Protein chains: 2
Amino acid sequence: MPIMNELEDFLALKHRFIPQLSVDCVIFGFHNQQLKVLLLKLKNLDLWALPGGYVEQSEGIDDAAQRILEERTGLRDIYLEQFRVFGSADRSTKEFIQKIMEVHHPESMNEPWVLQRYVSIGYYALVDFSKVNPTPDFLSEYCEWFEMKQLPKLAFDHREIIQKALETLRITLDSKLIGSNLLPETFTMMELQSLYETILETPLRRNNFQRKMLSLDILERIEKLYTGAANKAPYLYRFKKS
Amino acid sequence: MPIMNELEDFLALKHRFIPQLSVDCVIFGFHNQQLKVLLLKLKNLDLWALPGGYVEQSEGIDDAAQRILEERTGLRDIYLEQFRVFGSADRSTKEFIQKIMEVHHPESMNEPWVLQRYVSIGYYALVDFSKVNPTPDFLSEYCEWFEMKQLPKLAFDHREIIQKALETLRITLDSKLIGSNLLPETFTMMELQSLYETILETPLRRNNFQRKMLSLDILERIEKLYTGAANKAPYLYRFKKS
DNA sequence: TTATTATTGTCCCATAATGAGATAATAACA
DNA sequence: TGTTATTATCTCATTATGGGACAATAATAA
C-alpha cells in the first residue's frame, strides 16, 4: 500500500475516527534469549514511538488494535490484551504531535482534535519474533525491534507505557500461557525457562522449573533435538492444543 | 447544587469534554453480609445505570472518576481501580442515549457526538457502605444500593461491566487489601471472612482463614466485642496503618 | 574402544503452605 | 453449676516448593 494513500485515507473522512482517542500497542517478541519490543522511528525527529493509531467510528477498540498490529507486523489473529488506559491531564502530547505533523502533514492540523490531549488505550501483544515483517506507518521511517534493556529515546509517555505492559506481563505470566505466543512451534525446556527468566528478571532452578511446567500438563514432548554439542540432547516440546 | 445548574454546566461549553469517551464506575459496598452496587434510576425509563460521566478536557481520567464518585457518594479519596475499557463496535448506546435525552434534555442533542457510540473506561470503587450518601445526577431520579445477586434491569452493557468488575475484584482480592476499603474501621474475623466468601462465592474454613489472615501481619487485634450473645466474644480487628 | 566433558532429565529430602478435623476457651443463660 | 453457641487454637496429613545430588547421554579426545 503506497504511503500517500494511507495519508489520504487518514484525512479523507472528517469524522472517520473517534476524536482524541488512540490505541498504542506494545508488541513483545523473544529472540536470542532477549525480550524485544517493536518500535517506529518518527520522521525527521530523533524519537521512537509505539505502533498506534485511531479507532474508527464503526470499529471496536480490540479490532482497531488488531488492525494496527496487522499493518505493522503482517500477522493476523495476534495474541492481544488490553492492559491500561493512559489519560492523565499532563500527558504532554501536544508539542510532540505538532512537531511530527508540521514537518510532513500540516494538512492534518485542520482536524482540531489532532492537537488535543489524547486518551490512549494500551494493549500488549505477543508474537513469534521470526514471523514478523516490521513495516513503518506514514508517520515513521523505520520499524525495528529493540531489546527491552536498551530502549531508544521515546516520544510521549511511551516509556512508561512499555514499563506498565511489562509489569502486567509479569503478573499474568502464570495464568495466561505466555510461552505459546512468544516461542516458535517447538522449543526446548531451557528456551522456555530462559523466556520466563527474561520476563521475570530472576534466575530459576532447572529442576524445579521443569517439574512445575510438566505438572501443568500443557506441554507435549516430541523428539530429541541433536544440536551437535557434546552433551545429552534435549527434548523438544510443543504446547498441547486445548 | 441545584440539578438545573448541572445541566447548564453540562451544555455550557461546547468543547468542555472529550467526545465519545465516558467513565463508568462500579461502586461496591458491603452490608448485611452482602455485596452491593450503587446504581442510578434513569428518568422516565424503567432502567438503571452505573454512575458515569464524561472526561473534561483538562482533567485526567482518574480525576474524572474521582469527581463522579464524589458527586454520587459524597466521599473523597475513594479507593479506585481502572479495570477495563468497553468499546466494542456493537455497543448499542445510541437508542438508549436518544431515549434518555429526548425526554428531558433535547438541547443536548445539539452536540452531535452525544449520540455516537461511546468508548467507556470501567473503574471499580470500594467504599464503606455506611459512609455513603447516595445522590442522583441530572439524568436520574434515584440513587440506590442493589444486592449483586438481585440487579435490576440495566441500561447499555452495564450488566456486563459489573460482571467484569466483580471478576477483577476476585482476581485482585489477595494482592490488594480489599477488606480495608469495604469494611468499617473495626470488624470481627467472621465479618472479614464473610466478605471474602461473598466476593469469591465460595465457603471458606474458619480456622484456615484466620491462620492465613493473621500470618499476613496486616491486622491489629483490638478489644473484644461483647454482643450479648451466649457465647465467647470475638475480638475486633483493624487494618494496620502501613 | 574407552574416558572425558558439558548438559539434560530425575530423584530425594527438608521446609513451607494448605486442607480438614479435633479441642479448648468463654459469654450469656437455664 | 451446667448448658449452649461461638470463637480461637492445635494437630496432623497432604501438597507444593527450594535446593542439592546423581544418573543419562551426545560428541570429542585419548
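These numbers were taken from a predicted model, which means no experiment stands behind them. Chain A is the first sequence line, chain B the second, and so forth, proteins listed ahead of strands; every chain is numbered from 1.
Judged by Watson-Crick or G-U wobble contacts below 3.5 Å, the nucleotide D/dG19 has C/dC12 as its partner.
A donor-acceptor contact under 3.5 Å is not formed by the side chain of A/Arg221 with the base of C/dG9. Taking only distance into account, the side chain of B/Asn208 meets the base of C/dA20 through a donor-acceptor pair shorter than 3.5 Å.
The shortest distance between the side-chain N/O atoms of A/Arg205 and the OP1/OP2 oxygens of D/dG19 is below 4.0 Å. Within the structure, a side-chain polar atom (N or O) of B/Lys212 is placed less than 4.0 Å from OP1 or OP2 of C/dT18.
Nucleotide C/dT7 holds its C1' atom 9 Å from the NZ atom of A/Lys232, rounded to whole Å. Atom CD1 in B/Ile222 sits roughly 17 Å away from atom C1' in D/dA8 (whole-Å rounding). Whole-Å rounding puts the B/Met213 CE to D/dA8 C1' distance at 16 Å. Regarding B/Gln210, its CD atom lies at a distance of 8 Å from the C1' atom of D/dT7, rounded to whole Å. Atom pair A/Gln193:CD and C/dG9:P shows a separation of 11 Å (rounding to whole Å applied). The CG-C1' distance, from B/Asn207 to C/dG21, rounds to 8 Å in whole Å. Note: CE (A/Met189) to P (D/dA24) measures 20 Å, nearest angstrom. One atom, CG of B/Leu216, and another, P of C/dA17, lie 11 Å apart when rounded to the nearest Å.
Taking only side-chain atoms of A/Arg211, from C-beta outward, the nucleotide of C/dG9, D/dG20, C/dC13 with the closest atom is C/dC13. Distances were taken from every side-chain heavy atom of B/Asn231 (C-beta onward) to each of C/dA27, D/dA26, D/dG19; the shortest belongs to C/dA27. Set against C/dT8, C/dA20, D/dT7, the side chain of B/Met190 has D/dT7 as its closest nucleotide.
Side-chain polar atoms of A/Glu70 and A/Gln66 form no donor-acceptor pair below 3.5 angstrom.
Under the 4.0 Å criterion applied to side-chain N and carboxylate O atoms, A/Lys41 and A/Glu141 are assigned as salt-bridge partners. Under 4.0 Å is where a charged nitrogen must lie from a carboxylate oxygen, and between A/Glu160 and A/Arg91 no such pair does. A salt bridge links B/Lys176 with B/Glu81: at least one charged nitrogen is closer than 4.0 Å to a carboxylate oxygen. In this structure, A/Lys240 does not pair ionically with A/Glu220, as no charged nitrogen and carboxylate oxygen lie closer than 4.0 Å.
Each of A/Ala233 and B/Arg206 lies near DNA chain D, and the nucleotide nearest B/Arg206 is the one positioned closer to the 5' end.
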